[in-house]
Amino acid sequence: MNPEFRPEPLAELRRTHRCGDLRRENSGDEVVLMGWVHRRRDLGGLLFLDLRDRQGLTQCVLNQATSPEAFAKAETLRNEFVVAVRGRVAERSAETRNPNLPTGDIEVHAEDLRILNTARPLPLQVAEEQNVEEGLRMQYRYLDLRRPVMARNLALRHRLAKATRDYLDSQGFYEVETPILVASTPEGARDYLVPSRTRPGHFYALPQSPQLYKQILMVSGVDRYFQLARCFRDEDLRADRQPEFTQIDLEMSFVGMEDVLALVEGLMGHVFQEGLGLELPDRFRRMSHAEAMDSYGSDKPDLRIDMRLHDVSGLVEGCGFGVFQAALEEGARVKALVVPGQAGASRKEQDALKELAVAAGLPGLFFLARAADGMKSSLMKFLGEEKALEICQALGAEVGDLVVLAAGPRTTLNTALGRLRLDFARRYDLFPQDRFEFLWVLDFPLYSWNSDENRLEAEHHPFTSPLPEDAGMLETEPLKVRAAAYDLVLNGNELASGSIRIHQREMQEKVLANIGLSVEQAREKFGFLLDAFEYGAPPHGGLAVGFDRLVALCAGETSIREVIAFPKNANAVDMMSGAPVVVDSEQLDVLRLKIQPRD
RNA sequence: GGGGGCGUGGCCUAGGGGUUAAGGGCGCCGGCCUGUCACGCCGGAGAUCGCGGGUUCAAAUCCCGUCGCUCCCGCCA
């Protein structure tokens, strides 16, 4: 590099356009662009400079013959220097146009070049689409975010957030901020704790969601509330899970379930229209939780593929095959999946599928291939040609398809086959691209059984109202009570989750009692909410959308880290700042905290 | 808490007990080049193969441990 080089001041120079703006219509205009040196092509007396900012690239031309001073400076440029270019827009000749660039019809003939700042050689290259190790990307996130893909993701996130605010505003919602320092509550994920200085030994928690506050806002008469709310959960991470994440949190008064579903359908419609220019159906498909589990083996079915779980217990009953017989006698089921076009799967391929089945938690897997020259199966001697054909017909398996069968107790069989369904779809590349399949899953159970702690727990959360027609069973058969809860599923991802809430103290105490909270404990933990219910709480309900997931799905990214500016790594560490960090003992003293040595 | 994968110049990677093997691409440095757009051509610098230990006559390579990154299960109302 030029050791004697000093950056020049911006001074009076102001940019007139961004690097993605200029088109043929601008030909002849004098413009000033500012940005980063994306790439440089030095041909000798002629030098091309791709100038980049967050929204695009513009080719600038420096000609030694016409602008010797600017040219001389341009020869010292290196990747990611920050420069200002003043020059004239010129239409490119037909042979030199670049059809891959929105600005490819023009170029800027630079008359003046100002180097605003230099850059050291880069630890990761901004201009190359290389698979850089993620830890390095995170450490140098400011460079990573300059990459066009990341700039695009940030822009998309902004547009989706804006569309959300615009739509909810149009529907009469107030955006209200709720506290970040809140009280720890039982149930749910592990809380992040913040020690109190003024009350040593006491702690705030960071909110897992603004649930209680938004319900209180309904009691306050806010009527319709939303927030792009940051939420915190101290649990282990995944590709689609961060310790802090963002929800579109919303709540409405004087509504029933249909009102919330309709509102969210409208919201998604607007957001997809504004963000992606995509038209969504006015109404989303619906499915009961029971059907989702029985037919798709998941409470968040991916409907981009229509492979389904079929119960063939009735068809194989009495066929004499020991594994199936034994299962059916124990009250278990035999279910099947049709894998399209895989009738010819080799023995090796079948073994690979069996391995997937074992990984999914099944003891084994049986095959029935409907080949062009007849049925192929190790079960043929039990089933017989006729029965095998009957099964295929019942499942809609065509010639060329492969039927896989497995036996097991209902819920474990469903879950395992649900996983296999997705494994198969991935293996045979059955997922269509650019398809968005929304689905409402309804009629969730209010409670599920926690066998570790030997008690009921809330399937959704303990403020969810039971369906009125099931409320009578709260004391007698709580596991049969369905909740007024709804999940919005998009391509197999739980995108949003919500419910109509309880708004009466008596009902709330009853529901809490079932999960093992006494009236005293309930009062201690949620007393303010229970009290609020006694001062005129309106019926209300709402939901929360996983905003990071929404953006990731729209961006076609599989990890939400790609749509969060500064995410944490798998160990919840911010690789750029180093957080969490050790603090001075003085800081601990003020909080009256002491770190215990391990073990 | 458990399991899997990965770690080789600044970046992406090849190699997988020895015979001149640390090779390639990008980037970096120097030179040439007036229509390139992943410009091209010529030359150059840069790595004790994450760290520690072990096996061996010999370890980037095999083994154990450890650290880091990553994915999955548990967990995430």
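Residue numbers begin at 1 in each chain, while the letters A, B, ... track the order of the sequences.
- Rounded to whole Å, the distance from CG on A:Asn79 to P on B:rC39 is 9 Å.
- Taking atom P on both B:rC6 and B:rC64, the two are 14 Å apart, rounded to the nearest angstrom.
- Using a 4.0 Å heavy-atom distance criterion, A:Leu124 is classed as making no nucleic acid contact.
- When the C1' atom of B:rC73 is taken as reference, atom CZ of A:Arg419 falls 8 Å away, rounded to whole Å.
- By the ring pair (Phe, Tyr, Trp, His ring centres under 6.0 Å) test, A:His38 pairs with no residue at all, sequence neighbours left out.
- By the rule that a glycosidic angle within 90° of 0 means syn, B:rA21 counts as syn.
- Judged as a side-chain hydrogen bond (donor to acceptor under 3.5 Å, both in side chains), the pairs with a partner in residues 484-494 of chain A (not counting sequence neighbours) are, in order, A:Asp487-A:Ser497.
- Here A:Asp302 pairs with A:Arg304 under the side chain to side chain donor-acceptor pair (under 3.5 Å) rule; sequence neighbours left out.
- Scanning residues 45-53 of chain A for heavy-atom distances under 4.0 Å to RNA chain B yields A:Gly45, A:Leu46, A:Phe48.
- A:Phe444 pairs by the ring pair (Phe, Tyr, Trp, His ring centres under 6.0 Å) definition with A:His289, not counting sequence neighbours.
- Partners of A:Glu128 by side chain to side chain donor-acceptor pair (under 3.5 Å), not counting sequence neighbours, listed by chain and number: A:Arg39.
- Listed by residue number, A:Thr96, A:Arg97, A:Asn98, A:Glu107 are the residues of residues 93-108 of chain A with a heavy-atom contact under 4.0 Å to RNA chain B.
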N/O donor-acceptor pairs under 3.5 Å from side chains in residues 143-151 of chain A, not counting sequence neighbours:
| from | atom 1 | to | atom 2 | distance (Å) |
| --- | --- | --- | --- | --- |
| A:Asp144 | OD1 | A:Arg137 | NE | 2.9 |
| A:Asp144 | OD1 | A:Arg147 | NH1 | 2.5 |
| A:Asp144 | OD2 | A:Arg137 | NE | 3.1 |
| A:Asp144 | OD2 | A:Arg137 | NH2 | 3.1 |
| A:Asp144 | OD2 | A:Arg141 | NH1 | 2.6 |
| A:Arg146 | NH1 | A:Glu80 | OE1 | 2.9 |

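- Contacts of A:Thr66 classified as side chain to side chain contact (heavy atoms under 4.5 Å, CB included), with partners at least two apart in sequence or in another chain: A:Asn63.
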